[in-house]
Amino acid sequence: MDMDEQSAVSRQLADLKDRSGLSIRAIARAMGYQNASSIQRYFSADYMKPALPSDFVAKLLPVLLGKGEQPITREDILALAPDSITDLDASSAPSRAATPLEIKGQVAAGLWMESALFETDAAKKTSFAGDLRFPSESQYLLQINGESLNRIAWNGDFILCVDYLGAGLEIKSGDLAVVERTRDGGHTIERTAKRIIRRNGQIELQPESNDPRFQEPVIFNEHDEEATEVRIIAKVLSVIRQVV
């Protein structure tokens, strides 16, 4: 890794500061520090780590979120953090520490699964608190049914999902997502989980499987009468595997 790559995160932080219109001192004070010197090192080109400390980003989030003429987004700020910050200190997000998530049924990872099969009478609660980067009310768990996502999740695994709309996330090519399709005038609702790929103005849903039965992507066409409505509803954040 060269120096430009190593100091990229400090440049990103400086860019967010400029967008916010705040000084380093004002940011430091809003984060609860007495002086700018407490956080100055993170803005320096000498900062060589690939990410900022997760607890620092947690404190920075409410300070910069929504600031600037081009409002700073949650994703802009969380891009400074490690890939996973589910281990943030509970003191930085006290309301999240004991918030259980629901298990909202099942999903067939590479196949469309009708709602009568994936829905349950009542959502089950777990002790899992989810990903602290996103609102807990926008997160839930689904259980994988089948082998068509076996490069990532096995049959019986749980996937942690966050609602795109509820968390204010942008749908991006490369996301692993939960998708719902409504057919027959709304009488049939189906759900699947696949990889989103944008190609030539179309959205392809690709399976992540080693099984030869699940290799063809689904390409959505707005004129397809069989798919009256398709909604990409949630991003898959992580896989949870139970070890017995």
Side-chain angles (χ1 to χ4, degrees), residues 54 75 78 81-88 90 93 96-167 169-181 188-197 203-218 220 230-244:
S54 56
E75 286 187 308
L78 294 176
D83 290 339
S84 174
I85 56 173
T86 57
D87 59 346
L88 286 176
R96 296 295 309 282
T99 304
L101 297 184
E102 292 181 344
I103 301 174
K104 294 186 176 181
Q106 296 184 336
V107 60
L111 301 172
W112 294 104
M113 186 176 186
E114 292 193 19
S115 61
L117 300 175
F118 66 67
E119 289 180 346
T120 56
D121 293 335
K124 299 177 182 178
K125 291 285 187 178
T126 72
S127 59
F128 189 69
D131 191 319
L132 294 173
R133 295 174 294 175
F134 308 105
S136 58
E137 61 272 17
S138 299
Q139 298 183 59
Y140 54 90
L141 298 174
L142 294 173
Q143 189 170 31
I144 293 294
N145 184 321
E147 301 297 331
S148 52
L149 198 71
N150 62 19
R151 290 177 183 164
I152 297 171
W154 300 345
N155 182 46
D157 286 350
F158 291 91
I159 51 174
L160 172 62
C161 306
V162 59
D163 182 270
Y164 277 108
L165 183 62
L169 298 179
E170 177 185 353
I171 296 172
K172 295 181 179 179
S173 183
D175 283 355
L176 189 63
V178 177
V179 184
E180 284 190 353
R181 178 171 70 178
T188 302
I189 300 175
E190 299 168 308
R191 177 191 290 169
T192 188
K194 290 186 179 179
R195 182 78 64 188
I196 297 173
I197 302 295
I203 294 179
E204 296 182 8
L205 297 183
Q206 296 187 346
E208 290 280 0
S209 176
N210 294 321
D211 191 315
R213 295 175 298 170
F214 308 118
Q215 298 303 315
E216 291 297 320
V218 174
F220 289 105
V230 175
R231 297 190 305 130
I232 299 174
I233 60 173
K235 179 176 180 176
V236 178
L237 298 176
S238 60
V239 176
I240 301 166
R241 181 162 299 149
Q242 299 186 79
V243 178
V244 180

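Since we're looking at a predicted model, the values are computed, not measured. Numbers here simply count residues along the sequence, with the first being 1.
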Ile197 to Gly174 - nearest heavy-atom pair and separation: CD1-N, 4.4 Å

For Ser138 against Ala167, the heavy-atom pair lying closest together: OG-N, 3.6 Å

Report yes if the side chains of [X] and [Y] come closer than 4.5 Å at any heavy-atom pair, otherwise no.
X      : Y      : answer
Glu180 : Ile232 : no
Ile196 : Ile171 : yes
Leu141 : Ile159 : no
Glu170 : Lys235 : no

Check: Phe158 main-chain N/O paired with Gln143 side-chain donor or acceptor under 3.5 Å: no

All side chain to side chain contact (heavy atoms under 4.5 Å, CB included) counterparts of Ser238, not counting sequence neighbours: Leu160

Stepwise side-chain contact (heavy atoms from CB on, under 4.5 Å) check, Leu169 with Glu75: CA-CA 8 Å; Leu169 298 179; Glu75 286 187 308; 3.6 Å; yes

Which residues share a side chain to side chain donor-acceptor pair (under 3.5 Å) with Asp163, sequence neighbours left out: none

By side chain to side chain donor-acceptor pair (under 3.5 Å) - contacts of Tyr164 (at least two apart): Asp175

